[in-house]
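First listed ligand is number 1; within each ligand, the first listed atom is number 1.
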Amino acid sequence: MDAPLMPRTLTWKHLTGEIVLKRTHVMGVLNVTPDSFSDGGRYLDPDVALLHGLEMADDGADIIDVGGESTRPGSDPIPAEEEWKRVRPVLEGLAQRSDVPLSIDTRKSEVAAKALRAGASIVNDVTALRDPKMVQVVARAGAGAILLHMRGEPKTMQERPEYRNVVDEIRSFLEERISKVAAGGVPREALAVDPGIGFGKTVEHNLQLLRGLDGLASLDRPIVVGVSRKSFIGNIAGGEPDERLPGSLVAATFAVLRGAHIVRAHDVYETVQAMRIIDALGSHA
Ligand code: HH2
C-alpha cells in the first residue's frame, strides 16, 4: 500500500531569516492607528504600542504586524508621512528589544522602504504589491511579502461584492500576482498568500472561502488568514469587536484544519494556546 502523502513543510524567506512552517504560526496585530475597527486609539501612543508588542512577543507571537493605517471597510487613506510617523518609533523599539520578525502592514512603497530599513522583514500589503514600486522595494531589500486579495478599495469594497466562484477567483488572482511579483524580482520563496477575509466579501463569501481554503494549497505558498474579531463573526453570532474572541478562535482553528499556516490575531496569548492544541491533535493530519 502506498504511504499517505505528507504535506510538504513550507519555508518562507524574509529579510532577516526564514520561517519554517512545521506548526501553525501566529501573527500578532499591532495597530498604531486612531481608527482601526477593533483596537483603534488603544496603541496610538508609541510607548503603549511598544509595550503591547513586547507582550505579544512574550505571549508567543511568531511575527508582529505593525500597521499605521486602517483598511477597515469605508476607511480613507492617510498621507505616507503621517503613517510613517505612527509606525517608526514602534518598529525601531521592537527591532531593538525583540527578535520576533516584524511585518509592516502598508500599501505605500515609501512607508515599506523605510520600515524595512528600520527593522521590518516582511511587507504585508492588502493590495498584493499592485504598485510596481512596491515590488521593487521588496525585491531590492530581500524582504518577504504577503499578497492579499482585496476586491476594490477599502472605501468601497463592501458595496455589493459579487463572485462567480469566490475560491476559484481568488486562487486565480493570487496565482497571477505570484507570477507578476516573481517576474519583478521577488523570489516565490519570499511570498505568502492571504484570501483577504472581509476585504470585499459578504458573510457568505467569507464562509465559502474558509470552507474552500484547501483550494489555495496548489499555490504552494504559506497561507495567512485573518479572521480575528472581524464583522462576519458579529453578523453571525453578535458581539462588539472586542467580544468576538470565542468566534475568532473557532474560525482560526477551522482555517488551520483547512490548510492555513499562519493566523493573524489580536489576542495572541489565547490564539497561541488554541493553535498549540490543534497542532498537538494533528492539524495537518
Ligand atoms: N486584516 C486587516 C488588516 N491587515 N493583513 C492580512 N495579511 N490579513 C488580514 O486579514 C488583514 C490584514 C484588518 O484588520 P485590522 O488590522 O485589525 O483592522 P484595521 O484595518 O481597521 O486596522
Q | Candidate pair Glu83 and Thr106, rule side chain to side chain donor-acceptor pair (under 3.5 Å), full reasoning | A | CA-CA 9 Å; Glu83 190 179 332; Thr106 188; 2.6 Å; yes
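- When Arg107, Arg264, Met150 are checked for heavy-atom proximity to atom 2 (C) of ligand 1, Arg264 turns out nearest.
- Atom 18 (O) of ligand 1 has as its closest protein heavy atom Phe37 CD2, 3.2 Å.
- Between Glu55 and Arg97, no side-chain nitrogen of the basic residue sits less than 4.0 Å from a carboxylate oxygen of the acidic one, so the salt-bridge criterion is not met.
- Remark: Ala252 pairs with Val227, Val263, Met275 by the side-chain contact (heavy atoms from CB on, under 4.5 Å) rule, at least two apart or across chains.
- At least one heavy atom of His266 lies less than 4.0 angstrom from ligand 1.
- Checked for salt-bridge contact, Glu82 and Arg86 meet the test: a charged N lies under 4.0 Å from a carboxylate O.
- Among all protein heavy atoms, the one lying closest to atom 21 (O) of ligand 1 is Ser70 OG, 2.7 Å.
- Proximity of Val225 to ligand 1, defined as any heavy-atom pair under 4.0 Å, is not found for any part of the residue.
- Among protein heavy atoms, the minimum distance from atom 20 (O) of ligand 1 is reached at Thr71 N, 2.8 Å.
- At least one heavy atom of Asn31 lies less than 4.0 angstrom from ligand 1.
- Atoms of ligand 1 lying under 4.0 Å from any heavy atom of Leu148, numbered from 1 in the order shown and given with element: 5 (N), 6 (C), 7 (N), 8 (N), 9 (C).
- In summary, the atoms of ligand 1 found under 4.0 Å from a heavy atom of Ser36, numbered by their order in the structure, are 19 (P), 21 (O), 22 (O).
- The distance from ligand 1 to the heavy atoms of Gly226 drops below 4.0 Å at these ligand atoms: 10 (O).
- Between Ser38 and ligand 1, not a single N/O pair is under 3.5 Å apart.
- The pair Glu159-Arg151 does not count as a salt bridge, with every side-chain nitrogen at least 4.0 angstrom from each carboxylate oxygen.
- Ligand 1 is approached by Lys230 to a heavy-atom distance shorter than 4.0 Å.
- Nearest protein neighbour of atom 5 (N) of ligand 1, counting heavy atoms only, is Asn124 ND2, 3.1 Å.
- In this structure, Arg171 pairs ionically with Asp168, as a charged nitrogen and a carboxylate oxygen lie closer than 4.0 Å.
- Contacts between Asp194 and ligand 1, counted as non-hydrogen atom pairs separated by less than 4.0 Å, involve the side chain only.
- Between Asp65 and Arg264 there is a salt bridge, with a side-chain nitrogen of the basic residue lying less than 4.0 Å from a carboxylate oxygen of the acidic one.
- Between Arg229 and Asp267, at least one side-chain N (NZ, or NE/NH1/NH2) sits under 4.0 Å from a carboxylate O, which counts as a salt bridge.
- Nearest to atom 4 (N) of ligand 1 among the protein's heavy atoms is Asp105 OD2, 3.0 Å.
- Sorted pairs that involve residues 240-259 and meet side chain to side chain donor-acceptor pair (under 3.5 Å), not counting sequence neighbours, are lacking altogether.
- A salt bridge is defined here as a Lys NZ or Arg NE, NH1 or NH2 lying under 4.0 Å from an Asp or Glu carboxylate O, and Lys201 with Glu162 fails to meet this definition.
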